[in-house]
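Working notes, beginning with the structure itself.
Sequence lines set the chain letters: A, B, ... in the order given, protein chains first and strands last, and positions in each chain run from 1.
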Protein chains: 2
Amino acid sequence: MSESLCFCTTLREAARRLTSVYDEALSGLGVNVAQFGLLRILDRSGPLTMTEFATAAELDRSTIGRNVRVIERLGLVALEAGKDRRESVVSLTRSGHKVLARGVPLWEKAQRIVEVKLGVAGAENLRNALRAL
Amino acid sequence: MSESLCFCTTLREAARRLTSVYDEALSGLGVNVAQFGLLRILDRSGPLTMTEFATAAELDRSTIGRNVRVIERLGLVALEAGKDRRESVVSLTRSGHKVLARGVPLWEKAQRIVEVKLGVAGAENLRNALRAL
DNA sequence: CGGATTTACATGTATATGCAATTAATATTC
DNA sequence: GAATATTAATTGCATATACATGTAAATCCG
């Protein structure tokens, strides 16, 4: 009976809702949470090839390619060819760094919303459960 | 520096991974987990207008409209006008019921995979945390 | 009754996502 | 060194998703 609750559906719904919470928190920044997350990865890792970027973001290579194109059009990242001519290396621009700096406090506010809803311990438990999936 | 782990990103990644798990479990059924979820909603609720369906699925009305179009093309649901000529009522077809019946055991297998990964208690905790978001 | 408003969908536009197939460049092997 | 295989990225195709806008039908009100 409680069989009627699908973990996957529940998770997908929560992901949509939380995405909306973060997008609102970031509103005015000019990027959504998915894009902000990509900037954060680049900030932590430094320049990455598409393949490395896809691995870091747990996305398909074709997906990362398209997502990068969007934030490139926004001027937040720049592409250059690697020594291996097949590779395309992505790095943050000055503008990208600025958006990150302006975004961090907004993002932290969203993080706190989650911690308030779940409690710090609950939030940590959620993180662990999600990591296990 | 503290928390470099974004709840939203973690949740979105988990949603992608779990979606892939369920899609594999349902492979051969001809529908993915998102579509299967819509069939399940209809099965539980009976025929729904687009607006009711969107509410039940926690999706935008425009999104449900497009998603319904896909499963309609597959012959799994049928549309008819309500007495209120603006309304479009969605109901399961025989074919849709069959897919549901064939899919339930596959879906249950995926559910069990989650319970094995998290433990039954952990899975229940996850459900509660996600509901709170 | 008839115009104004609200409601229900559909469409336009844009991002996010993945798989399959393609293209270009590097590496391997004979 | 040339043929082959592998690798990196892109492109084609399809679904999922939301917001803003358009359209048609129903309802409200003067």
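B:Arg17 and A:Glu58 are joined by a salt bridge, as a carboxylate oxygen and a charged side-chain nitrogen come within less than 4.0 angstrom of each other. A salt bridge does not link A:Arg112 with A:Glu115: none of the charged nitrogens is closer than 4.0 Å to a carboxylate oxygen.
If you check D:dT15, D:dT17, C:dA16 against the side chain of B:Leu59, the one that comes closest is D:dT17. When distances run from any side-chain atom of B:Glu87 to the nucleotides D:dC19, C:dA8, D:dA8, the shortest one goes to C:dA8. Each of D:dA16, D:dA8, C:dA16 was ranked by its minimum atom distance to the side chain of A:Arg86; first place goes to D:dA8. With distances taken from any side-chain atom of B:Ser62 to the nucleotides D:dA18, D:dA16, C:dG18, the minimum falls on D:dA18.
Counting any heavy atom pair closer than 4.0 Å across all strands shown, A:Thr49 reaches sugar-phosphate atoms only and no base atom. At the heavy-atom level, B:Thr19 lies nowhere under 4.0 Å from the strands shown. Using a 4.0 Å heavy-atom distance criterion, A:Arg66 is classed as a base contact. Residue B:Arg61 is in base contact, counting any heavy-atom pair closer than 4.0 Å across all strands shown. Counting any heavy atom pair closer than 4.0 Å across all strands shown, B:Thr51 reaches sugar-phosphate atoms only and no base atom. At a threshold of 4.0 angstrom between heavy atoms, the contacts of A:Asp60 include nucleobase atoms, whether or not backbone atoms are also involved. Counting any heavy atom pair closer than 4.0 Å across all strands shown, B:Thr63 reaches a base atom.
Whole-Å rounding puts the A:Met50 CE to D:dA8 C1' distance at 10 Å. The nearest whole Å value for the distance from the CZ atom in A:Arg69 to the C1' atom in C:dA16 is 13 Å. If you take CD of A:Glu13 and C1' of D:dA16, they are 14 Å apart, rounded to a whole angstrom. As rounded to whole Å, 10 Å separates atom P of D:dA18 from atom CZ of A:Arg12. The nearest whole Å value for the distance from the CZ atom in A:Arg17 to the P atom in D:dT17 is 13 Å. Across the protein-nucleic acid pair, A:Asp84 atom CG and C:dA27 atom P stand 6 Å apart, rounded to whole Å. What separates CD of A:Glu80 from P of D:dA8 is a distance of 17 Å, to the nearest Å. Atom NZ in B:Lys83 sits roughly 17 Å away from atom C1' in C:dT7 (whole-Å rounding).
Residue B:Asn32 places no side-chain N or O under 4.0 Å from the OP1 or OP2 atom of D:dT15. Proximity of B:Asn67 to the phosphate of D:dT15: no side-chain N or O atom is located under 4.0 Å from OP1 or OP2.
Positionally, the nearest nucleotide of DNA chain D for B:Ala34 lies more toward the 5' end than for the other of B:Ala34 and A:Ser20. Mapping A:Arg85 and B:Arg16 onto DNA chain C via the closest heavy atom, the residue that lands nearer the 5' end is B:Arg16.
Contact of the B:Leu79 side chain with the B:Met50 side chain is registered, since non-hydrogen atoms from C-beta on lie closer than 4.5 Å.
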Evaluate A:Arg44 against B:Ser4 for side chain to side chain donor-acceptor pair (under 3.5 Å), listing each step before the verdict. CA-CA 9 Å; A:Arg44 286 202 308 264; B:Ser4 73; 4.5 Å; no
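Atom CZ of A:Arg102 is surrounded by more than 12 heavy atoms from other residues, nucleotides or ligands within 6.0 Å.
With 3.5 Å as the limit, one finds no donor-acceptor pair spanning the side chains of A:Thr10 and B:Arg131.
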